[in-house]
Amino acid sequence: MLIHDLTPDECTEVLRRNDLGRLGCARYDQPYIVPILFSFDAERNCLYAFSTIGQKIGWMRENPKVCLEVEEIGDKNHWTTVLAIGRYEEIQQDPNEREARSRAEQFFKARREWWLPGAAKLQPGEHPEVVVYRIQIDRLTGRRAARNRD
Ligand SMILES: Cc1cc2nc3c(=O)[nH]c(=O)nc-3n(C[C@H](O)[C@H](O)[C@H](O)COP(=O)(O)OP(=O)(O)OC[C@H]3O[C@@H](n4cnc5c(N)ncnc54)[C@H](O)[C@@H]3O)c2cc1C
């Protein structure tokens with residue numbers, strides 16, 4: 001099997017064609033990983049996602065250093081994985097952030113039933129706080145594996 005590093009362009013292509021990743025955050029030396037849906041904004045080099053308030057939001061507010069793993073796994077011999085390492089930044093509701101929030105929402109709306117499952121905990125008619133955030137990417141790495149004969 002050959003494993004090689006992806007170029008930056010190959011990494012961004014993987015982020016473009018996927019919307020499911022594993023978000024890793026940490027607090028007091030304890031890691032925490034959950035699957036989330038994301039949207040990649042290549043122009044601004046960031047990922048958008050949203051959530052209701054819970055453990056990961058609490059932890060990322062305390063420690064904004066996060067990473068997101070995205071994978072395309074055929075089998076153990078054929079796979080591509082990309083790691084985006086970056087910083088959690090909340091996109092607030094205030095007027096200064098109106099453009100950023102509307103841009104993130106445009107990305108979300110490109111997905112069918114875009115509010116699921118991030119806002120699935122909400123009951124009909126309930127309007128609790130939904131946090132929209134970006135992960136500003138500082139470092140992107142990727143690897144791909146294939147059998148020698150492929
Ligand atoms: C395909 C898919 C897409 C998803 N997309 C999103 C998304 O876009 N946005 C989003 O916010 N959430 C998404 N989720 C749900 C997400 O994985 C979390 O379950 C959810 O966000 C709650 O996380 P929390 O930190 O707020 O946990 P809390 O609700 O605060 O839960 C507390 C505890 O529950 C446990 N827990 C939480 N989530 C999980 C889990 N998934 N598996 C096992 N144990 C868990 C943990 O031990 C944690 O300590 C998605 C899940 C899947 C499978």
Side-chain angles (χ1 to χ4, degrees), residues 1-92 97-122 129-150:
M1 182 172 58
L2 291 175
I3 297 179
H4 72 268
D5 289 333
L6 300 187
T7 64
D9 282 350
E10 287 173 324
C11 289
T12 56
E13 276 314 306
V14 173
L15 295 182
R16 264 188 231 279
R17 61 176 180 253
N18 286 278
D19 61 7
L20 176 63
R22 269 81 184 169
L23 172 71
C25 57
R27 195 185 63 160
Y28 306 140
D29 295 331
Q30 173 63 63
Y32 180 56
I33 298 175
V34 280
I36 61 155
L37 293 173
F38 69 89
S39 304
F40 175 51
D41 184 343
E43 215 173 290
R44 299 197 180 172
N45 195 37
C46 69
L47 307 158
Y48 300 117
F50 65 92
S51 173
T52 50
I53 303 280
Q55 181 173 325
K56 66 180 172 315
I57 296 297
W59 285 33
M60 293 190 294
R61 283 175 171 171
E62 279 195 41
N63 176 10
K65 291 180 180 176
V66 298
C67 73
L68 187 89
E69 186 257 10
V70 179
E71 59 190 44
E72 294 173 341
I73 300 181
D75 59 39
K76 67 178 179 173
N77 298 313
H78 303 88
W79 49 261
T80 303
T81 47
V82 167
L83 292 184
I85 302 194
R87 283 159 290 124
Y88 168 80
E89 296 174 348
E90 261 174 54
I91 306 177
Q92 307 291 349
E97 300 249 59
R98 190 170 294 139
E99 189 276 336
R101 196 149 170 127
S102 137
R103 186 174 172 93
E105 285 167 4
Q106 290 312 310
F107 276 90
F108 297 147
K109 286 176 183 165
R111 201 165 53 227
R112 236 181 99 249
E113 294 192 309
W114 59 271
W115 59 92
L116 295 177
K121 275 198 291 191
L122 310 187
E129 193 182 345
V130 171
V131 175
V132 174
Y133 61 93
R134 71 171 83 80
I135 296 171
Q136 197 62 52
I137 299 172
D138 294 323
R139 199 159 76 89
L140 207 50
T141 63
R143 293 206 171 152
R144 176 170 294 142
R147 292 305 289 260
N148 300 9
R149 62 176 183 277
D150 292 343

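All residue numbers in this chain count up from 1 along the given sequence.
Taking both residues in full, the closest heavy atoms of Glu97 and Ile91 are given as OE2-CA, 3.8 Å, listed atom of the first, atom of the second, then distance. Shortest non-hydrogen contact noted between Asn63 and Ala26 is ND2-O, 3.1 Å. In plain terms, the two heavy atoms of Arg101 and Gln92 that are nearest each other are CD-O, 3.6 Å. In plain terms, the two heavy atoms of Glu90 and Tyr88 that are nearest each other are OE2-OH, 2.6 Å. Shortest non-hydrogen contact noted between Leu6 and Cys11 is CB-SG, 3.9 Å. Annotation for Met1 and Asn77: closest pair SD-CA, 3.7 Å, computed over non-hydrogen atoms.
The neighbour count for Arg139 CZ, taken as heavy atoms of other residues, nucleotides or ligands under 6.0 Å away, does not exceed 12.
Qualifying side chain to side chain donor-acceptor pair (under 3.5 Å) partners for Arg98, counting only residues two or more places apart in sequence or in other chains: none.
Residues Tyr32 and Lys56 have side chains in contact (heavy-atom distance under 4.5 Å, counting atoms from C-beta outward). A 4.5 Å side-chain heavy-atom check between Trp79 and Arg143 finds at least one atom pair inside the cut-off. Side-chain atoms of Thr141 and Asp5, non-hydrogen and from C-beta on, never get closer than 4.5 Å to each other. Between Met60 and Val131 there is no side-chain heavy-atom pair separated by less than 4.5 Å. Two residues are said to be in side-chain contact when any heavy atoms from C-beta on lie closer than 4.5 Å; Phe50 and Glu105 fail this criterion. Using a 4.5 Å cut-off on side-chain heavy atoms (C-beta onward), Val130 and Trp115 make no contact. Within the 4.5 Å cutoff, the side chain of Leu20 has heavy atoms near those of the Arg22 side chain.
Taken to the nearest 0.5 Å, the CG atom of Leu2 stands 10.0 Å off from the CZ atom of Arg147. To the nearest 0.5 Å, atoms SG (Cys25) and CD (Gln30) are separated by 10.0 Å. Distance check, rounded to the nearest 0.5 Å: CD of Glu89 to CZ of Arg134 gives 5.0 Å. To the nearest 0.5 Å, the span separating OG1 on Thr80 from CZ on Arg17 amounts to 7.0 Å. Taking CD of Glu69 as the reference point, atom CD1 of Ile85 lies at 11.0 Å (rounded to 0.5 Å). Between the OG1 atom of Thr52 and the CD atom of Glu129 there is a distance of 10.0 Å, given to the nearest 0.5 Å.
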Under 3.5 Å, side-chain donor or acceptor atoms of residues 33-47 against the rest of the protein: list the pairs with distances, not counting sequence neighbours.
from: Asp41; atom 1: OD1; to: Glu43; atom 2: N; distance (Å): 3.3
from: Asp41; atom 1: OD1; to: Arg44; atom 2: N; distance (Å): 3.2
from: Asp41; atom 1: OD1; to: Arg103; atom 2: NH2; distance (Å): 2.9
from: Asp41; atom 1: OD2; to: Tyr48; atom 2: OH; distance (Å): 2.7
from: Asp41; atom 1: OD2; to: Arg103; atom 2: NE; distance (Å): 2.6
from: Asp41; atom 1: OD2; to: Arg103; atom 2: NH2; distance (Å): 3.2
from: Arg44; atom 1: NH1; to: Glu99; atom 2: OE1; distance (Å): 3.1
from: Arg44; atom 1: NH2; to: Glu99; atom 2: OE2; distance (Å): 3.0
from: Asn45; atom 1: ND2; to: Ile137; atom 2: O; distance (Å): 3.0

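Checked options Leu140, Asn18, Thr12, Leu68; the residue passing with Val82 is Leu140 (criterion: side-chain contact (heavy atoms from CB on, under 4.5 Å)).
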